[in-house]
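Note sheet for the following structure.
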Amino acid sequence: MEYSSLKNSEKLNFSKLHSAELSDGYDWGRLNLQSVTEQNHLDDFLATAELAGTEFVAEKLNITFVNPNSKIGILSPEEKAKISEAQKENLHLLKIPRRPKWDRSMDAEELQNLERQAFLEWRKTLSELQEIDGIVLTPYEKNLEFWRQLWRVIEKSDVIVQILDARNPLLFRCEDLENYIKDVSQHKNSMLLLNKSDFLTEKQRRIWAQYFADASILVVFYSAANEKKTRKISEESGVVSDDTDEEKDLSEKLETLELRTQTMPESNYLVTSSKTGVVNDCRVLTKEELVKKFKDVYTGPKEKKETVIGLVGYPNVGKSSTINSLISTKKVSVSSTPGKTKHFQTIFIDDELMLCDCPGLVMPTFVSTKAEMVIWGILPIDQMRDHVGPTNQVVCHIPKHIFEDTYGIFLPKPQESEDPNRKPTAEELLDSYGFMRGFMNARGLPDHPRAARYILKDFVNGKLLYCHAPPGSDQESFHIYPEKRRQAQYNLTRQMMRITKTSKTTPDVLDRTFFDQNIGRAHK
């Protein structure tokens, strides 16, 4: 009885306590009664987790800090797969403008109106194509007059030769151009000429020759730069002279120079497809061999005595250099900018062969990113606005020791918290190259945009060499880099240590950046 009355007395006293005096596990004096109508993603996540009674335990184990700038311009495997799927689904929409059908009863004004209407429809189709998610097109020629020149070259030529960069042929190849050639006439042939083939090894050329042979495409390998060097060496060695026995001296000195020596018989260089029967030669042809190939490639009916070869290609693939090397003199001005040649030109090699040079045309094709267009010379490097993306693309393709051996620089080692096998970042490369060349800005820091322009031009010119493998081939086994030639010396100056330190994302910097951020709220 006494126990019961005591218990009732405690309940009575407990009920008389004020709510502020309750001790139920919370600190009532420090309650957050601030109105919250907006939260950032992190605050929203933590608040939801607290309501759900979820606890988190932080473990500072196996943490990898990633520089956010290292991913600019680089696609993840999932993004690459998505873009590749979108490109395959819309490949049938990637076309070049066709010349509308006409007959001699039409006057010039009527034909021009038809051409303008067809051209506008083509541009409308490409504009709709660019709106599709995951589709990125190269800049393409939007001047109808340039396409009219292409139409005339196709109609006039017996064989249309697309000149491509041997390091990445599929980027510069226009498949729809080959279809259009057959639409114009079934007797016309098309062929690919892979210029700058001196960058490829014999094994790489053989793989590409087999790939195109299986696709029923005739391809030849050529190097206009090699022909220019050969001619220069021959002239400096006195091969070209005005003596009466010029032919005798020419043959003797060419044999001495061994400029044309072949280590294997010609038949060993032929690649035949068992599927299509197409035979391709994987040698780098000389000027004389290429001229003979042009004469023999066309077997259809001819209106004239000479065979007409139409040459088409992007700017900066070496189309004009190829023509100049074939005629051993400069007949066509060389430029990496579209629009240098305004009209097609006809050039006679001899009585049996005539070249028809088409103005440099940028045809629409698929790319993954805009940075890809910069590093392959489609977009001018001097006019680029963002250097980080293209530089990251180059860093992604070229190993670390190639930069160190080529430029005589060192690149800092990854920190303990980073992946020891990671590639250098664009910032690290530009810092090291800027220090080495003395490219500094007004604040005493490396001038990144200027350093990036030099590195990107070295990539375009082949000093930093990267060759794409054909589809279905393993890239790592296709392009094998040379071994490291020198050991990097990591003797940093005080200024370089200071700048390198500021460019690293350390745990202290990460914590300070996170906790010092000012989160804007609508109500405080």
Tell me if the aromatic rings of W376 and Y314 count as close, with their centers under 6.0 Å from one another.
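When the ring centroids of W376 and Y314 are compared, they turn out to be at least 6.0 Å apart.
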With a 6.0 Å cut-off on the ring centroids, do H479 and Y481 count as close?
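They qualify: ring centres under 6.0 Å apart.
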Minimum heavy-atom distance between [X] and [Y], given as atom pair plus value:
{"X": "V395", "Y": "P424", "result": "CG1-O, 2.7 Å"}
{"X": "K295", "Y": "D350", "result": "NZ-OD2, 2.6 Å"}
{"X": "R205", "Y": "C282", "result": "NE-O, 2.7 Å"}
{"X": "L111", "Y": "W102", "result": "CD1-CB, 3.6 Å"}
{"X": "T391", "Y": "A426", "result": "CG2-CB, 3.7 Å"}

Salt-bridged, [X] to [Y], with N to O below 4.0 Å?
{"X": "D176", "Y": "R98", "result": "yes"}
{"X": "E202", "Y": "R283", "result": "no"}
{"X": "K305", "Y": "E352", "result": "no"}
{"X": "D281", "Y": "K293", "result": "no"}
{"X": "D386", "Y": "K370", "result": "no"}
{"X": "D158", "Y": "K188", "result": "no"}
{"X": "R148", "Y": "E145", "result": "yes"}

Main chain of [Y], side chain of [X]: is a donor-acceptor contact present, judged purely on distance under 3.5 Å?
{"X": "Q204", "Y": "F478", "value": "yes"}
{"X": "D165", "Y": "P169", "value": "no"}
{"X": "N226", "Y": "V284", "value": "no"}
{"X": "S473", "Y": "A469", "value": "no"}

Are more than 12 heavy atoms, taken from residues, nucleotides or ligands other than K182, located less than 6.0 Å from that residue's NZ atom?
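It does: K182 NZ has more than 12 such atoms within range.
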Check the surroundings of atom CD in Q130: do more than 12 heavy atoms from other residues, nucleotides or ligands lie under 6.0 Å from it?
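Yes, CD of Q130 has more than 12 neighbouring heavy atoms, counting only those of other groups under 6.0 Å.
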Do the ring planes of [X] and [Y] sit parallel (below 30°), tilted (30 to 60°) or perpendicular (above 60°)?
{"X": "W208", "Y": "F212", "answer": "parallel"}
{"X": "Y466", "Y": "H397", "answer": "parallel"}
{"X": "Y454", "Y": "Y433", "answer": "tilted"}

Does the side chain of [X] come under 3.5 Å of the side chain of [Y] through a donor N or O and an acceptor N or O?
{"X": "S325", "Y": "Y222", "answer": "yes"}
{"X": "Y407", "Y": "D458", "answer": "yes"}
{"X": "Q210", "Y": "D214", "answer": "yes"}

Roughly how far, to the nearest 0.5 Å, is CZ of F172 from CD1 of I378?
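If I round to the nearest 0.5 Å, the distance is 5.0 Å.
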Option from T322, D198, N195, T286 for which side-chain hydrogen bond (donor to acceptor under 3.5 Å, both in side chains) with S223 holds
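Considering T322, D198, N195, T286, a side-chain hydrogen bond (donor to acceptor under 3.5 Å, both in side chains) with S223 is found only for D198.
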Is the shortest heavy-atom distance from the side chain of T138 to the side chain of F366 under 4.5 Å?
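No, every pair of side-chain atoms sits at 4.5 Å or beyond.
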